[in-house]
Amino acid sequence: MGGARTALFNWLYARRNSGTFILRIEDTDAERSSADMVAGILDGMKWLGLDWDEGPGIGGPHAPYFQSERYDRHRAAAASLVADGRAYYCYCSAERLRQERERAEARGVAWQYDRQCLNLSAARIAELEAANTPRATRFKVPPGKTAFDDVVHGRIEFDGDHIEDFVIVRSDGHPIYHLSVVVDDIDMEITHIVRGDDHISNTPKHVLLFTALGATLPVFAHVPLILGADKKRLSKRHGATSVMEYERQGYLPDALVNFLALLGWSPGDDREIMSRRELIASFALEGITGSNAVFDVAKLDWMNGQYIARMPLEQLTNAVVPLLVRDGLWPAGASVDDWLLRLIELLRPRAKRLTDFVDQARPFLVETVEYEQQAIHSHLKVPHLSEHVTAVARALRDVVPFDEPHLETAVRQTAEQRDIKAAPLIHATRVAVTGRTASPGLFEVLVLLGRERTVARLEQLAAFLATQT
RNA sequence: GUCCCCAUGGUGUAGCUGGCCCAACACGCUGCCCUUUCAAGGCAGAGACCGCGGGUUCGAAUCCCGCUGGGGACGCCA
């Protein structure tokens with residue numbers, strides 16, 4: 001989600017300023033990168049409607065857009081840095097570095113590379129090379145301060161003493177992320193880097209590289225992180241993490257985009273429900289807050305409900321149908337008819353997520369309903385209810401026309417004739433046709449269900465009640 | 001431990017060129033209305049001495065310092 005929000009900010013900024021939104025896949029780490037992961041990112045972006053102007057699938061003047069296909073450029077840049085004396089080879093073994101780090105940690109101190117390989121003699125280097133010792137490439141961090149102006153945080157300064165001589169090319173020849181991003185950003189003519197706050201401490205390294213490579217600095221904007229309800233960084237523990245998981249849970253892309261845009265950013269006024277157009281028109285990096293934001297599912301649900309409430313009925317129905325099909329409640333390929341449209345409209349004010357429709361539509365789409373335990377307890381413990389229900393069934397069999405006012409009159413009259421209140425009869429009828437304690441207005445439900453099913457279910461309940469006593 | 005970022009009610013934000021703020025909007029929460037239930041909707045309300053402590057000033061949520069708290073980064077990961 002954090003990544004999606006960051007992508008959204010980038011997209012909004014590019015669209016607002018008629019810029020170019022470039023999608024580059026940073027798959028430098030073979031172990032963590034996979035086709036699945038990439039597909040997940042692309043699917044998520046597409047679903048959210050964050051279209052890119054250059055990148056995977058569509059290409060562009062700065063191709064290729066997979067970082068792993070740009071290694072040669074990265075290595076060339078590293079070589080030039082070594083040639084310029086701005087980087088050097090490091091022959092230290094991973095084992096040695098690990099031990100040093102552990103030793104330092106045991107003392108509660110942070111360890112930085114000790115520059116053992118910075119001043120190796122020519123003879124020593126020749127010796128190591130002759131022995132075919134694996135070598136990594138390290139950037140030689142110059143003394144003094146490194147600073148940059150961040151659009152959301154202002155000026156941020158780091159002391160060179162706190163930046164170690166970081167590796168830019170591994171001993172196996174693979175470039176490290178820091179080198180790759182900077183080289184690619186330069187090559188791709190990136191003007192604005194909008195990314196998560198967690199990169200802020202990497203930025204001085206990047207600034208150093210931009211400078212060493214003779215490039216001008218892009219604009220940096222580090223956006224705050226999204227936290228879970230426990231104020232910890234959003235992760236698997238907090239439930240859904242991937243964008244597509246939210247689709248599965250019944251959220252609308254427009255609602256999620258709107259919600260995400262308001263996490264850490266505000267247009268400066270009180271607007272909350274904002275279309276993409278409005279979002280784009282109002283977006284500015286300056287409106288991004290500096291503090292982390294907690295992801296509040298309750299508010300997302302509310303917002304999704306707002307979008308459901310405002311969606312054109314046909315569009316909404318078309319979005320729900322696949323879910324109904326998935327649950328076997330609606331035949332695949334069947335066309336949307338007027339009856340379905342009316343059902344969706346009836347359920348609409350009660351739905352926060354698309355999946356709510358599935359649950360609520362069930363009684364209308366299955367042959368026989370099951371009575372909830374709670375419903376039996378609350379509404380079926382009425383004396384002589386079986387006979388009452390039978391009477392209702394009989395009354396409704398003859399109601400003409402089978403519409404709300406006539407149905408209501410019929411039920412109320414039945415109650416009157418049997419000298420009981422209407423409420424218990426209405427509740428029992430609800431249980432008969434839906435099996436539940438809660439549903440949309442009963443008479444609307446009956447109309448939608450139709451005479452045949454209504455009467456059948458009432459008789460069914462009467463029979464059920466008869467066996468209970 | 002070191003470095004960096006942040007700090008307005010439970011949550012997201014507005015206000016932050018100081019006075020219009022004994023703090024606004026939204027979600028959530030509570031109650032009422034509507035009502036056959038559940039929602040939706042309408043109305044009302046509770047909830048923040050603007051993290052704490054010092055300054056500066058006639059006056060500070062708004063400026064400065066310290067503290068505390070939260071978060072992030074400290075990898076031949078990205």
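Residue numbering restarts at 1 for every chain, and letters A, B, ... go by the order of the sequence lines.
Distances shorter than 4.0 Å separate some side-chain N or O of A:R233 from OP1 or OP2 on B:A73. At the phosphate of B:A73, neither OP1 nor OP2 sits under 4.0 Å from any side-chain N or O atom of A:K205. Remark: A:R138 is in phosphate contact with B:C76, judged by side-chain N or O atoms under 4.0 Å from OP1 or OP2. In this structure, A:R170 reaches the B:C77 phosphate: one of its side-chain N or O atoms is under 4.0 Å from OP1 or OP2. Contact check, A:Q374 against B:U37: no side-chain N or O comes under 4.0 Å of OP1 or OP2. Residue A:R101 places at least one side-chain N or O under 4.0 Å from the OP1 or OP2 atom of B:C76.
Atom pair A:K232:NZ and B:C6:P shows a separation of 20 Å (rounding to whole Å applied). Rounded to an integer number of Å, the gap from CD1 of A:I273 to C1' of B:A26 is 9 Å. The interatomic distance linking A:N202 (CG) with B:G75 (P) rounds to 11 Å, in whole Å. Following rounding to the nearest Å, A:E105 (CD) and B:U2 (C1') show an atom-to-atom distance of 13 Å. A:D296 places its CG atom 9 Å from the P atom of B:G28, with the value rounded to the nearest Å. Here B:C5 presents its C1' atom at 6 Å from CG of A:D197, a figure rounded to the nearest Å. Rounded to an integer number of Å, the gap from CH2 of A:W111 to C1' of B:G75 is 11 Å.
Going from the P atom of B:A61 to that of B:G1 covers 33 Å, rounded to whole Å. Distance noted for atom P between B:C49 and B:G66: 25 Å (whole Å).
Ring planes of A:H222 and A:F220: parallel class, angle under 30° (limits at 30 and 60°).
As the counterpart of B:C67, B:G51 is assigned, both hydrogen-bonding distances of the Watson-Crick or G-U wobble pattern falling under 3.5 Å. Nucleotide B:G1 is matched to B:C74 when pairs are restricted to Watson-Crick or G-U wobble geometry with both distances under 3.5 angstrom. Nucleotide B:C20: unpaired (no Watson-Crick or G-U wobble partner with both distances less than 3.5 Å).
Looking at the side chain of A:L225, the nearest of the listed nucleotides B:G71, B:C27, B:C6 is B:G71. Closest to the A:F443 side chain, of the nucleotides B:U36, B:U37, B:G12, is B:U36. Checking B:U13, B:C3, B:G41 against every side-chain atom of A:A293, the shortest atom distance belongs to B:U13. For A:H162, the listed nucleotide lying nearest its side chain is B:C3; candidates were B:U36, B:C3, B:G12. Of all nucleotides listed (B:A78, B:C5, B:U36), B:U36 comes nearest to the side chain of A:I426. For A:K299, the listed nucleotide lying nearest its side chain is B:G12; candidates were B:U13, B:A78, B:G12. The side chain of A:W302 sits closest to B:G28 out of B:G28, B:C3, B:C77. Of the candidates B:C4, B:G1, B:A78, B:G1 carries the atom nearest the A:A110 side chain, counting heavy atoms from C-beta on. Which of B:C6, B:A39, B:A26 sits closest to the side chain of A:H153 comes down to B:C6. Distances were taken from every side-chain heavy atom of A:P349 (C-beta onward) to each of B:U13, B:A78, B:A39; the shortest belongs to B:A39.
Contact annotation: side chain of A:D270 to base of B:A24, donor-acceptor pair absent below 3.5 Å. No N or O donor and acceptor, one from the side chain of A:S439 and one from the base of B:C38, sit under 3.5 Å apart. Applying the 3.5 Å distance criterion, the base of B:A39 shares no donor-acceptor pair with the side chain of A:K352.
Stacking between A:H199 and B:A78 is present: the aromatic ring centre lies within less than 5.5 angstrom of the base six-membered ring centre, and the two planes differ by under 30 degrees.
Ring centroids of A:Y251 and A:Y307 are separated by 6.0 Å or more, keeping the two rings apart. The six-membered or imidazole ring of A:H379 lies away from that of A:Y371, with a centre-to-centre distance of 6.0 Å or more.
Within the nucleic acid shown, A:P224 has no heavy atom closer than 4.0 Å to any nucleic acid atom.
Ranked by how close their nearest RNA chain B nucleotide is to the 5' end, A:E272 and A:I200 are led by A:I200.
Residues A:L208 and A:P142 are in side-chain contact: their nearest non-hydrogen atoms beyond the backbone lie under 4.5 Å apart. The shortest side-chain heavy-atom distance between A:E345 and A:P440 does not fall under the 4.5 Å cut-off. Using a 4.5 Å heavy-atom threshold, the side chains of A:T289 and A:S266 count as separate.
With respect to the salt-bridge test (charged N to carboxylate O, under 4.0 angstrom), the residues A:D356 and A:R350 do not qualify.
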